[in-house]
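The next block holds one structure in the form of structure tokens; read it before the comments.
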Amino acid sequence: MSDAAARFGEFGGRYVPEVLVAAHEELEEAYAAARRDPAFAAELEELGRHYAGRPTPLSFARRLTEETGGARLWLKREDLAHTGAHKINNALGQALLAKRLGKPRVIAETGAGQHGVATATVCAMLGLECAVYMGTEDIRRQSLNVFRMKMLGAEVMPVDTGARTLKDAINEAMRDWVTNVRDTHYLIGSAIGPHPFPTMVRDFQSVIGREARAQMLERAGRLPDAAVACVGGGSNAIGLFHPLLDDPVRLVGVEAAGEGLDAPGRNAATLAAGRPGVLHGARTYLLQDGAGQILDTHSISAGLDYPGVGPEHSWLKASGRAEYVAVDDAAALEGFQRLTRSEGIIPALEPAHAIPVALRLAREIGAGGDVLIGLSGRGDKDMHTVADALGVTL
Amino acid sequence: MSERLRASFAAARAEGRAAFVAYLMAGHPAPGRTVPLLLALEEGGADVIELGVPFTDPLADGATIQRANETAVAAGVTFADCLGFAREARARGLAAPLVFMGYDNPLLAYGEERAAADAAAAGADGFIVVDLPPEEGGAFRAACARHGVGYVPLVAPTTAAARLAQVAAAADSFIYCVSVTGTTGQRAELSPDIGGLVAAIRRHTGLPVVVGFGVSTPAQAAAAGRMADGVAVGSAIIAAIDGGSAEDCVARARACVARMTGRDGARMRSGA
């Protein structure tokens, strides 16, 4: 393993139990070979276009822009990709790799269920066996996605440890992988985990930023002044940011402040409130106590409810190339309602966190400017949560 | 390398048997029980003791040790507390070498250099860090060397032959051989491949090789002991601790180790 490739500054690496070292080396080699093979890129591009519905549109948010009074607001519509979120980009890429590795079984973790649904979908299409680990708290919040996964032929494995959310699902998926590594690929759903996962997932998600960059130049005639995306593990944000790293574009990641940054255990704002440590195979920012125990997290959005963050985001924060802010549950709900009512687009609660920040940036940047929003998924899955939060009984 | 570790393995070898390595989770079932349990493990016949450092996310552990971690984390037990347990156990006469076993993040939070220095000062002898392979463990290994405590790398059934030399080179006291492709915990059968794996490791090092993960009965311990220099048992001891009233957990742990080591009957004999 070349150290430079495995790290983003001081972050990243491969902090894994010995039993998994060989699998990561094998995956690193397989991915390097796939990148050199034009047939792999062609197959992925073909599936992206004719299966997942790429390129996804770039929508100009006309009414939201008029109401806000400032820079133009643009939405990169990953909610329109097959299965309703950006997760399909990574699921397709990694499942194709699993086939190359000759591994007939795929496991995944899921929080909101979007990654689980994307993985189950791709496994159904490619004929792979699929098991998805999901915390029982998330199973309760996201029953619709649980049923979707089951319909797609996946086995949903309930996880009853810890806070019963995404972090615990990852632990259990890792334990499965430790045991079944010889015939199983762990299809990690975000740009987190040990090398090469953060790099690989970022590459598969960078299609978002590549498309959005070209679409901005075509539609707006210029690059955006700022790009805004929500950050849980951070795969949609890194996918949007990465192709813009060398451009004069402000990159703003939005984390979940839950019930507030001053409430330890009741938010998921890792970069805002955490400090570096090692979890799930990577050195990165973590929400932890003084003794290095990982804190419980909370967010209204299951997909952001995670105490770590992709190591490349830690590095972008440390280097100053990207900035990270946090938005609480109430402001995210407000963003959810604003976009729904002004544009007729119901966002998932995850990207709803980016809306209030984008509106503020649009006002600051002013008329003539452009703000690009990563709309990572659609909100159907969140209807029960939103109804609950608004005091409505369905 | 710690003198206590060297002496302990050498003494077992001189008696023609494998060293018995007993695992205990610090703070489980309660912080007040840890020092009496450490002493009981030695009384039962443990040659080396691994003291588990609690962590919220023990992803290489099976259900039994996971639950012990949860109990200890809920009780607020930190690495600093583990150092305290080691100091107190030494003050009360614990002679067996003591190795901390756990995950990287609590050590990082404490500070790697400080962890190694304070471990040495507390009378501990080494570290097994499950998620810190040699590629990532260079700085911590150097800190351990500076303070005279061991850095114990792990080898697994999936470890490539080409990598064995590198892992063996990182060892300074013993090598922990994970006997199964899986998490810690009790299993019906020993993996049939242990002998081959131990032999492969021995081609690269003269240091003792300890087999662990999935060893839970006296018969399994004896069988593993014929192939290796040491046998580590964890989940079975935790299960014994959990198998009755908290008041009697120390006696049950002592009896469990005595049963495993044959102290209640014949000693483990090495056929190798």
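Throughout, protein chains are lettered first and strands after them, A, B, ... in sequence-line order, and every chain is numbered starting at 1.
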Taking side chain as everything from C-beta outward and backbone as N, CA, C, O, which of these in [X] sits under 4.5 Å from a heavy atom of chain B? Side chain, backbone, both or neither.
X      : result
A:V19  : both
A:I294 : both
A:L286 : side chain

Under the 3.5 angstrom rule, does the side chain of [X] hit a backbone N or O of [Y] as a donor-acceptor pair?
X      : Y      : answer
B:N105 : A:V278 : yes
B:D131 : A:Y15  : no
B:E136 : A:G281 : no
A:E18  : B:V155 : no

Nearest-0.5 Å distance, [atom1] of residue [X] to [atom2] of residue [Y]:
X      : Y      : atom1 : atom2 : answer
A:R175 : B:Q66  : CZ    : CD    : 3.0 Å
A:R283 : B:L108 : CZ    : CG    : 6.0 Å
B:E135 : A:E25  : CD    : CD    : 6.5 Å
A:N171 : B:D61  : CG    : CG    : 10.5 Å
B:T183 : A:D176 : OG1   : CG    : 10.0 Å
A:Q288 : B:D57  : CD    : CG    : 11.0 Å

On a heavy-atom basis, which atom in A:A291 and which in B:A109 lie closest, and how many Å separate them?
C-CB, 3.7 Å
Counting heavy-atom pairs under 4.5 Å with chain A, which one of [options] comes out on top?
options                        : answer
B:P153, B:A156, B:G76, B:P157  : B:A156
B:V178, B:L154, B:D81          : B:L154
B:V180, B:T159, B:L132, B:L107 : B:T159

Between the side chains of A:T161 and B:E70, does any donor sit under 3.5 Å from an acceptor?
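The criterion, which ignores hydrogens and geometry beyond distance, is not satisfied for B:E70 and A:T161.
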What part of [X] gets within 4.5 angstrom of chain A, counting heavy atoms only: side chain, backbone, both, or neither?
X     : answer
B:R67 : neither
B:F55 : both
B:V77 : backbone

Should [X] and [Y] count as side-chain neighbours, where that means a heavy-atom distance under 4.5 Å?
X      : Y      : value
B:T78  : A:Q293 : no
B:T158 : A:R182 : yes
A:V181 : B:T181 : yes

Exceeds 12 heavy-atom contacts within 6.0 angstrom, atom CH2 of A:W315:
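Open.
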